Amino acid sequence: LLEDLSPASSVNQLTGFSVEHARRALDQAAALHAPMWGDDTLADVDWLNHTRATGEALAQLAPMLTESFCERYAADLDDALLAQIRRLNALAPAFWTTQDGPLTVIHADFRTDNMLFDAKAGEYPVAVVDWQTVDRGNGLLDVAFLLGTALEPDTRRAHEQELVSRYFDALIAGGVRDYDWQQCWIDYRRHACYAVYFLAPAAMLVERTERGDQMFLTMIRRALVQITDLDTETLLERLKAIVEKLGPFPHSKLHPSPALKKQSTRMKKAECECCGYVIRLTRKWADVGIPDCPVDKKPLKLEDRMGDED
């Protein structure tokens with residue numbers, strides 16, 4: 001099924017992707033993820049569960065392809081980056097074999113080259129194409145992959161919390177429940193590594209071109225900075241230790257008791273009215289004092305949602 005989306009504009013994967021592009025793309029990500037967030041019936045759709053079905057194979061094959069990537073591009077990447085890729089490579093099995101909830105439908109190649117902006121003369125703010133990698137997974141995989149590979153590191157750092165917070169708020173507005181900001185941020189940090197696990201093997205499986213080399217290297221360099229900034233390696237190391245300690249653990253599906261008390265502490269959002277910079281903090285620290293925006297040097301405005309509990 002094809003549709004003519006012209007006129008539309010595209011953005012170069014290597015240059016030109018702005019924060020405003022990111023905002024619009026993440027709005028579309030939330031629109032994709034929220035309606036089927038935590039939908040257990042998706043587990044019965046075979047074609048939508050290929051990562052889980054092939055998790056053990058990926059855990060064996062991907063590291064070998066990633067090592068081949070390091071050997072091919074040794075002259076293009078400095079020793080520190082190569083060492084970082086190899087450390088992440090050792091942690092790949094723990095990542096691929098523990099892709100658990102909350103799960104939804106994800107694009108899994110959510111990057112600039114697969115987006116058309118202002119499609120049909122603006123009828124669609126963003127049209128996402130190339131769905132051959134569609135999968136069932138954690139929605140923050142798409143978010144981390146896009147921000148880590150499309151934005152220059154300095155730009156990402158300045159707007160990262162605002163952008164992820166915007167996505168989180170869109171999830172909640174879209175009906176997602178029992179998912180808090182702390183877990184959202186942890187999932188974002190953890191899935192930053194996906195860029196390396198996806199792009200390095202992909203580079204070894206497609207036809208090699210000059211533009212392809214430039215694209216893969218640029219995206220992976222940006223992602224490695226993101227991984228460092230977010231301390232993703234530490235999260236993966238903890239996960240690996242847990243996996244090794246537990247070993248195989250077959251079990252039936254868990255059904256949490258509805259009688260369990262939900263977490264009562266809620267993070268409150270403080271936002272700069274000038275630039276949109278966002279942080280989240282508890283009421284306890286908000287009462288101590290609202291910080292200033294690091295960009296505009298003006299006090300952030302604390303939202304006061306009805307019904308919040310402290």
Side-chain angles (χ1 to χ4, degrees), residues 11 15-31 33-34 110 112 115 117-118 122 125-126 139-140 142-176 179-192 222-232 234-235 263-310:
V11 178
T15 59
F17 192 76
S18 68
V19 173
E20 181 55 32
H21 287 128
R23 292 188 183 111
R24 292 161 66 182
L26 291 182
D27 288 347
Q28 292 301 307
H33 300 155
F110 198 64
T112 308
M115 297 177 188
F117 291 88
D118 297 315
V126 184
L140 275 298
D142 282 343
V143 177
F145 184 67
L146 175 68
L147 299 186
T149 60
L151 292 173
E152 291 291 347
D154 287 344
T155 302
R156 173 186 51 77
R157 292 186 188 110
H159 298 276
E160 193 164 40
Q161 286 235 354
E162 170 220 330
L163 292 168
V164 181
S165 178
R166 179 190 182 97
Y167 166 82
F168 173 76
D169 288 342
L171 286 182
I172 302 306
V176 171
Y179 189 66
D180 60 29
W181 167 250
Q182 295 97 320
Q183 187 60 52
C184 178
W185 186 249
I186 290 171
D187 287 341
Y188 174 74
R189 291 176 58 206
R190 179 187 171 205
H191 285 87
R222 290 172 179 169
L224 290 172
V225 176
Q226 179 195 36
I227 288 166
T228 299
D229 290 344
L230 297 174
D231 198 17
T232 299
T234 297
L235 286 179
Q263 175 184 340
S264 60
T265 301
R266 294 291 181 265
M267 301 293 281
K268 305 186 77 65
K269 182 168 74 172
E271 182 173 1
C272 176
E273 295 182 303
C274 296
C275 69
Y277 175 82
V278 172
I279 64 168
R280 292 179 182 270
L281 69 170
T282 62
R283 169 60 71 180
K284 171 185 174 181
W285 293 111
D287 290 341
V288 172
I290 304 298
D292 291 342
C293 173
V295 179
D296 295 293
K297 311 302 181 185
K298 296 180 179 179
L300 302 178
K301 181 179 180 181
L302 184 69
E303 74 168 357
D304 189 15
R305 292 179 178 171
M306 296 298 291
D308 279 356
E309 301 178 22
D310 296 322

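All values below come from the heavy atoms of this structure, side chains included, with hydrogens, waters and symmetry mates left out. Please read all numbers here as calculations on a predicted model, not as lab measurements.
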To the nearest 0.5 Å, tell me how far [X] [atom1] sits from [Y] [atom2].
X    : Y    : atom1 : atom2 : answer
F168 : L140 : CZ    : CG    : 10.0 Å
L302 : K268 : CG    : NZ    : 6.0 Å
Q182 : T282 : CD    : OG1   : 9.5 Å
Y167 : I172 : OH    : CD1   : 10.0 Å
L146 : Q28  : CG    : CD    : 12.0 Å
R189 : I227 : CZ    : CD1   : 12.0 Å

Provide the closest heavy-atom pair for [X] versus [Y] in the form atom of the first, atom of the second, distance.
X    : Y    : answer
V278 : S165 : CG1-OG, 3.4 Å
T149 : A223 : CG2-CB, 4.4 Å
F110 : A25  : CZ-O, 3.4 Å
A270 : L281 : CB-CD2, 4.0 Å
L300 : I290 : O-CG2, 3.2 Å
T112 : A150 : OG1-CB, 3.5 Å

- Task: Consider only side-chain N and O atoms of Q161 and Y188, and report whether a donor and an acceptor are under 3.5 Å apart.
- Result: no

- Flag the pair R222 and E152 as a salt bridge only when some basic side-chain nitrogen lies within less than 4.0 angstrom of an acidic carboxylate oxygen. yes

- Query: Between E160 and R157, does at least one N-O distance fall below 4.0 Å, as a salt bridge requires?
  - Reply: no

- Would you confirm whether Q226, through its side chain, and L147, through its main-chain N or O, come within 3.5 Å as a donor-acceptor pair? no

- Message: Closer than 3.5 angstrom, by distance alone: can the side chain of H191 be matched with the main-chain N or O of D187 as a donor-acceptor pair?
- Response: yes

- Message: Run the salt bridge (charged side-chain N to carboxylate O under 4.0 Å, His left out) test against K298 and tell me which residues pass, sequence neighbours left out.
- Response: none

Under 4.5 Å between any side-chain heavy atoms of [X] and [Y], yes or no?
X    : Y    : value
R23  : E162 : yes
K269 : D169 : yes
L171 : H33  : yes

- Do D180 and R280 pass the salt bridge (charged side-chain N to carboxylate O under 4.0 Å, His left out) test, and can you show the C-alpha distance, the side-chain angles, and the key distance before you say yes or no? CA-CA 11 Å; D180 60 29; R280 292 179 182 270; over 6 Å; no

- Task: Kindly determine whether R156 and V225 satisfy side-chain contact (heavy atoms from CB on, under 4.5 Å), including the steps that lead there.
- Result: CA-CA 10 Å; R156 173 186 51 77; V225 176; 3.7 Å; yes

- Task: Go through the structure and list residues passing side chain to side chain donor-acceptor pair (under 3.5 Å) with R166, not counting sequence neighbours.
- Result: D27

